[in-house]
A.B. asks: 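Provided herewith is a single structure, encoded as structure tokens, for subsequent inquiry.
When a ligand or atom number is given, it counts from 1 through the structure's own listing order. Numbering starts at 1 and runs along the sequence shown.
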Amino acid sequence: MAKVISLLAPAYSGSTLIGLILGSDGNITNVGEIRNIELDFNGSATCLCGETLFDCPFWSEIYADQKRSEHAGSWGLKFGRPRRREIDARPPAFFIQLALNLGISPRHFIKRKGPAYARDHDAFIRYISEFTGSEFVVDSSKNLLRYSAVINNSRLDIKYVVIDRKLSELVASRIKRAKKRRSWYSSFFVFIFLYLSIVNIYQLNRLRKTLDKDDIIKISLDEIIENHQGLEFSLEKWLGRRARLKINSKNELDLLGQHIFTGNRWIEDVHKNENRVKLKKDQGVVNFGKIEKIQLNIIRLLLDNRFSLR
Ligand SMILES: [Zn+2]
């Protein structure tokens, strides 16, 4: 039977990479952020394997299957839909986003749409599991409404990988991204990023409390880098079968055979690097300006231990 490994992760926590690490095991298939598959599917987009989606052996076949069964209604997702499902909207409707950022529970917004959404979710996971022959399918979607809809309505066996990343590192990732993309960025935004990261952690902790303890493992990228056998060992105990991650002695993750197209931009360059990615620890606060360094150090010293995923 199809089983799901869902990454319960704050924004900017490195979940794309952790999904790929899990997906390197022969019996686990990682399809990236499932919530973005429908709308981001574009024949000319690049897959992790280096091919365009229409030339990729994995996605082109799935796309053909979907076209064949479009009217059967049993398939789950539809590629290239002009409109995103409400639960997957990115960004969500303004007032929902505001409410979530004020700490209101996501379950208030999925009551009517949750069951139908979870049926499509389950159908897609079953399909991928059958298509690949993998018992486990990794979903690295990070969306509070989706988590809530699936947790409350899915009929599948779902295991949760909680990704532990320090608050200061989450804020640092948001700063890096804003500096790259937005001309209006100033160090004042660090306070907003701090607030958003804290409320994100609060919401995830609330969801996590509703889960069965035995269905959760908590991991961090640093732990995997230090000792990936440790993760294999926990996976074996948790999943009840042998786990082998494709990480070599130089801490390089072999990505050959994985096909994802949602998530980070660096996935487009992986194939140029012989399908490998070096796992390395975060560089800390070295690349920031003086004020940002002070801000991040204060967060690290005073808040990292108070606000974390438990
Ligand atoms: Zn591919």
A.B. asks: Dump the intermediate steps for side chain to side chain contact (heavy atoms under 4.5 Å, CB included) on Ile201 and Leu167, then the final yes or no.
C.D. replies: CA-CA 9 Å; Ile201 287 173; Leu167 179 66; 4.0 Å; yes
A.B. asks: Do the non-hydrogen side-chain atoms of Leu279 and Glu252 ever get within less than 4.5 Å of each other?
C.D. replies: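 A side-chain contact under 4.5 Å is absent here.
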A.B. asks: Around the Zn ion (ligand 1), how many protein N, O or S atoms are closer than 2.8 Å?
C.D. replies: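 Every protein N, O or S atom under 2.8 Å from the Zn ion (ligand 1) counted, the figure is 4.
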A.B. asks: State yes or no: are the ring centers of Tyr202 and Phe307 separated by less than 6.0 Å?
C.D. replies: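 For Tyr202 and Phe307, the ring centres are not under 6.0 Å apart.
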A.B. asks: Establish, from distance only, whether the side-chain atoms of Asp65 and Tyr127 form a donor-acceptor pair under 3.5 Å.
C.D. replies: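 Tyr127 and Asp65 do have a side-chain donor-acceptor pair below 3.5 Å.
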A.B. asks: For the residue pair Tyr63 and Phe54, categorise the inter-ring angle as parallel (less than 30°), tilted (30 to 60°) or perpendicular (more than 60°).
C.D. replies: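 Tyr63 vs Phe54 ring planes: tilted.
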A.B. asks: Is there a side chain to side chain contact (heavy atoms under 4.5 Å, CB included) between Glu169 and Arg300 once you walk through the steps?
C.D. replies: CA-CA 8 Å; Glu169 291 171 1; Arg300 193 159 53 82; over 6 Å; no
